[in-house]
Amino acid sequence: MSGSGSKSRTSNEVDAWLATGHRPFVVVISGPSGVGKSSFVKQLLAAGLNLEYSVSATTRPRRPHETEGRDYFFLDREEFRRRIQAGDFVEWAEVHGEQYGTLRSEIERRLKDGKNVLLDIDVQGGRAVRRVFKDGVFIFVLPPSLRSLEERLRGRATDSDQTIRLRLDNALREIKLVSEYDYAVVNDDLDSALDRVASIIVAESCSTSRRPSLVST
Ligand code: ADP
Ligand code: 5GP
């Protein structure tokens, strides 16, 4: 009796474990300005990867095609400072002369709902997020060449010449930090680069390290 009782309890526990699935995780995408991160983000979110976007706050002016609360929360410097003091950011950094920050609330509520969370942040932010979310997946997007990076920045036509120069100077420093990331993906052809990033996310979600241990059940 007690033998079959304990067997059925174990089966229930295994069934509960099977239903649990993997622990949700953060996916950080970094790379130089103009490499194609926003293009990736848009398509990854539509790819059925149980992935939701963490909308950052920034003091940078809104670009014409951007929407408040979808692309960024656009804050003035005073409000940004107030949010820093309130402890609302997991990390914040000065990037290309503007402030950008990852809101704690954007990540935590999604992980709690069982969603993986996608962040498009710079390398300073990537470092800080790894300290907090040690089991995150960190992907660096590389351009096929520096010339193509400049062409993409100019082709996007959203930044002044001075801003483009600043972003290109910063690109060199950022690319040198690629080895801090778990994966490097070259964005040559957008669709095939996206396939590679999606494959990384799928493989990571199958990792046994992202399931609760079965040994204790
Ligand atoms: P980021 O978010 O990294 O600054 P964007 O996604 O805004 O970069 O891309 C910069 C420009 O490059 C955009 O005009 C985008 O359409 C273009 N782009 C993105 N990926 C590719 C690619 N694989 N080949 C050519 N152009 C690309
Ligand atoms: P853009 O102005 O082109 O949207 O972004 C400029 C840079 O800021 C990109 O490298 C982008 O990844 C980074 N960025 C966007 N949001 C955040 C954030 O919340 N934190 C940090 N550290 N960087 C961010």
Side-chain angles (χ1 to χ4, degrees), residues 26-46 53-75 80 83-84 88-107 117-133 136 138-160 162-175 177-178 180-181 184-197:
V26 301
V27 178
V28 171
I29 300 233
S30 298
S33 184
V35 76
K37 299 181 298 299
S38 310
S39 315
F40 267 45
V41 164
K42 212 184 299 163
Q43 300 206 34
L44 279 173
L45 293 174
Y53 187 54
S54 161
V55 180
S56 291
T58 184
T59 58
R60 158 169 87 58
R62 190 176 64 80
R63 295 174 182 147
H65 64 278
E66 289 178 328
T67 305
E68 161 73 21
R70 189 192 65 188
D71 298 286
Y72 282 106
F73 296 105
F74 294 96
L75 308 181
F80 199 95
R83 303 294 295 265
I84 294 172
D88 290 351
F89 294 119
V90 173
E91 64 77 35
W92 68 273
E94 186 98 16
V95 189
H96 315 311
E98 298 287 353
Q99 289 170 317
Y100 296 80
T102 303
L103 290 158
R104 206 175 292 285
S105 55
E106 285 289 298
I107 300 189
V117 188
L118 182 62
L119 281 71
D120 166 355
I121 60 177
D122 87 321
V123 287
Q124 308 168 72
R127 265 184 202 154
V129 167
R130 200 196 275 278
R131 283 197 289 272
V132 181
F133 298 99
F138 293 77
I139 305 172
F140 197 95
V141 186
L142 289 165
S145 67
L146 291 175
R147 180 187 289 271
S148 67
L149 186 64
E150 180 164 358
E151 281 168 4
R152 284 180 198 176
L153 275 173
R154 295 201 184 283
R156 189 171 68 184
T158 53
D159 301 297
S160 67
Q162 191 191 4
T163 300
I164 289 176
R165 288 254 62 88
L166 175 66
R167 287 178 177 235
L168 286 171
D169 285 347
N170 289 340
L172 290 178
R173 281 194 280 117
E174 287 165 336
I175 290 171
L177 299 173
V178 62
E180 293 187 16
Y181 281 68
V185 173
V186 178
N187 181 15
D188 35 23
D189 170 68
L190 184 61
D191 285 341
S192 43
L194 265 165
D195 278 350
R196 292 194 289 274
V197 173

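All ligand and atom numbering here is 1-based and tracks the order in the structure. Computed from heavy atoms alone, side chains included, the values below leave out hydrogens, waters and symmetry copies.
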Protein contact of [atom] - nearest heavy atom, named by residue and atom, plus distance:
atom: atom 26 (N) of ligand 1; result: Arg152 NE, 3.6 Å
atom: atom 8 (O) of ligand 1; result: Gly36 N, 3.1 Å
atom: atom 20 (N) of ligand 1; result: Asn187 ND2, 3.1 Å
atom: atom 6 (O) of ligand 1; result: Ser39 OG, 2.7 Å
atom: atom 2 (O) of ligand 1; result: Ser38 OG, 2.6 Å

Could you pull out all residues at least two apart from Gln162 that satisfy side chain to side chain contact (heavy atoms under 4.5 Å, CB included)?
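Here the qualifying residues are Ser160.
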
Sub-3.5 Å donor-acceptor pair from the side chain of Ser30 to the main-chain atoms of Ile121, do we have one?
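Checking the backbone N and O of Ile121 against the side chain of Ser30, a donor-acceptor pair under 3.5 Å is found.
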
Is the closest N or O pair between Asp189 and ligand 1 shorter than 3.5 Å?
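So ligand 1 has no N or O lying under 3.5 Å from an N or O of Asp189.
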
Run the side-chain hydrogen bond (donor to acceptor under 3.5 Å, both in side chains) test on Asn170 and Arg167 for me, step by step, so that the C-alpha distance in whole Å, both residues' side-chain angles and the decisive distance to 0.1 Å come before the verdict.
CA-CA 5 Å; Asn170 289 340; Arg167 287 178 177 235; over 6 Å; no

Any salt bridge between Asp159 and Arg60, counting N to O under 4.0 Å?
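So Asp159 does not pair with Arg60 through a salt bridge.
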
One thing to verify: whether Arg62 and Glu68 come together as a salt bridge, which I'm taking to mean a side-chain N less than 4.0 angstrom from a carboxylate O.
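A salt bridge is absent here (no side-chain N lies under 4.0 Å from a carboxylate O).
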
Side chains of Phe80 and Thr58: does their closest heavy-atom pair fall under 4.5 Å?
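No. Closest side-chain heavy atoms not under 4.5 Å.
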
With sequence neighbours excluded, what pairs up with Tyr53 under the ring-ring contact (aromatic ring centres under 6.0 Å, His included) test?
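None.
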
Under the ring-ring contact (aromatic ring centres under 6.0 Å, His included) rule, collect the residues that match up with Phe138, sequence neighbours excluded.
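Counting only residues at least two positions away or on another chain, Phe138 forms no ring-ring contact (aromatic ring centres under 6.0 Å, His included).
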
Does the residue [X] have a heavy-atom contact with ligand 1, meaning some pair of atoms that are separated by less than 4.0 Å?
X: Asp188; answer: yes
X: Gly31; answer: no
X: Gly34; answer: yes

Check each heavy atom of Leu153 against ligand 1 and say whether those closer than 4.0 Å belong to the side chain, the backbone, both or neither.
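It is neither; nothing of Leu153 touches ligand 1.
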
Could you pull out every protein residue that has a heavy atom closer than 4.0 Å to ligand 2, ordered by chain and then number?
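The answer is Lys37, Ser56, Arg60, Arg63, Tyr72, Glu91, Ala93, Val95, His96, Tyr100, Gly101, Thr102, Asp120, Ile121, Asp122, Gly125, Arg167, counting any residue whose heavy atom sits under 4.0 Å from ligand 2.
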
Report the distance from atom CD of Glu174 to atom CG of Asp169, rounding to the nearest 0.5 Å.
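Reported value, rounded in 0.5 Å steps: 11.0 Å.
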
Candidate list Leu119, Leu103, Leu118, test side chain to side chain contact (heavy atoms under 4.5 Å, CB included), partner Ser54, passing option
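Of the listed options, the one satisfying the test is Leu119.
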
